[in-house]
Amino acid sequence: MSFDWNIVWSSLCSGLFIVLGSLAAVCLKKISHKTLAVILGFAAGIMLAMSTFDLLPVALECGTVYHCSLGIVLGVFFMLLIDKCFFAHHHFKNITVDQNYLKIGLFIAASVALHNLPEGFALGAGYEVAPELGLTFAFAIALHNIPEGISIGAPLKLAKLNSLYILLIALAVGLFTLVGT
């Protein structure tokens with residue numbers, strides 16, 4: 001395997017579409033609770049559809065229902081552990097921003113960052129199979145990163161977090177795609 005800058009650039013660009021989504025949230029004048037509900041519902045719908053129609057069928061092809069179920073349970077417990085360890089109420093004392101929206105935004109950011117690692121694996125593997133496949137993966141990842149970025153940025157904006165911090169968080173999350181690649 002030789003080093004290919006095209007893989008690096010397409011991975012980086014795909015990840016940075018999260019920043020684009022967060023920028024869209026930052027640029028909204030006001031985000032109401034109803035708007036946030038639609039944004040988060042839309043992002044959840046995309047993730048559910050991806051899980052149901054893409055990830056689960058492939059997982060079932062690779063293993064049994066038992067293996068797939070074990071993976072789901074481990075994933076849920078892992079996210080519960082992250083929630084308890086890093087996003088528990090006692091970590092958010094003495095902050096001036098709305099704690100609930102901050103917790104939601106940071107938890108989504110952490111979840112998406114973890115989600116971006118295997119996306120990067122898939123992008124790199126796609127390039128190994130055929131450059132066209134890798135580019136197709138990069139494009140698909142970039143497109144679905146926009147609503148993910150919005151779902152990170154909207155609650156952080158409601159938490160009254162500084163716009164620059166929101167974009168830096170989104171940038172850090174997006175870079176996990178490159179790390180995975």
message = Let me check something: do F121 and V58 share a hydrophobic cluster, defined by ILVMFWY side-chain heavy atoms less than 4.5 Å apart, either directly or through other members?
response = no
remark   = Closest non-hydrogen contact found for E148 with E119 is OE2-OE2, 4.4 Å
message = Quick check: do I104 and F107 have side-chain heavy atoms less than 4.5 Å from each other?
response = no
Side chain to side chain, L114 and M79, heavy atoms closer than 4.5 Å = yes
query = Are side-chain heavy atoms of L175 and L12 found at a separation under 4.5 Å?
reply = yes
task = Check whether the side chains of Y127 and T181 place a donor and an acceptor atom closer than 3.5 Å, and report yes or no.
result = no
Shared hydrophobic cluster, I166 / Y101 (ILVMFWY, side-chain heavy atoms < 4.5 Å) = yes
request  = Say whether, by atom type as modelled, one donor and one acceptor occur between the side chain of S22 and the main chain of V19 under 3.5 angstrom.
outcome  = no
inquiry  = Measuring from atom OG of S51 to atom CD1 of I46, what distance do you get when rounded to the nearest 0.5 angstrom?
reply    = 11.5 Å
inquiry  = Tell me if a side-chain donor or acceptor on S10 pairs with a main-chain N or O of N6 at a distance below 3.5 Å.
reply    = yes
task = Answer yes or no: is there a donor N or O on one side and an acceptor on the other, between the side chain of N145 and the main chain of S14, under 3.5 Å?
result = yes
request  = Could you tell me whether the side chain of F139 reaches within less than 4.5 Å of the side chain of L143, counting heavy atoms only?
outcome  = yes
query = Is there side-chain contact between I169 and L106, with heavy atoms separated by less than 4.5 Å?
reply = yes
task = Rounded to the nearest 0.5 Å, what's the gap from CG on L81 to CG on L74? Could you check?
result = 11.5 Å
remark   = CD1 (I18) and CG (L167) are apart, to the nearest 0.5 Å, by 12.5 Å
inquiry  = Quick one: does any side-chain atom of T35 pair with a main-chain N or O of I31 as donor and acceptor, under 3.5 Å?
reply    = no
note = Here the pair of heavy atoms bringing A43 nearest to S151 is CB-CB, 3.7 Å
request  = Establish whether Y165 and L158 are linked, either directly or via other cluster members, by ILVMFWY side-chain heavy-atom contacts under 4.5 Å.
outcome  = yes
query = Say you draw a straight line from CG of L164 to CG of L171; how long is it, rounded to the nearest 0.5 Å?
reply = 10.0 Å
task = Please report the closest heavy-atom contact between S11 and L123, naming both atoms and the distance.
result = CA-CD1, 4.0 Å
key: Heavy-atom closest pair, residues P155 and I108   = CG-CD1, 4.4 Å
ask   = Looking only at atom types and distance, does a side-chain atom of N116 sit under 3.5 Å from a main-chain N or O of V173, one as donor and one as acceptor?
value = yes
In one Ile/Leu/Val/Met/Phe/Trp/Tyr side-chain cluster, 4.5 Å: L28, I152 = yes
key: Exercise: identify the closest heavy-atom pair between T177 and G15   = OG1-CA, 3.9 Å
request  = Looking only at non-hydrogen atoms, find the nearest pair between H144 and P147 and report the distance.
outcome  = O-CD, 3.4 Å
query = Do the side chains of V112 and L36 join up, straight or via other hydrophobic residues, at under 4.5 Å, putting them in one cluster?
reply = yes
ask   = Looking at CD1 of I141 and OG1 of T136, how far apart are the two atoms once the value is rounded to the nearest 0.5 Å?
value = 10.5 Å
query = Below 4.5 Å, heavy atoms only, C-beta onward: do F42 and I150 meet side chain to side chain?
reply = no
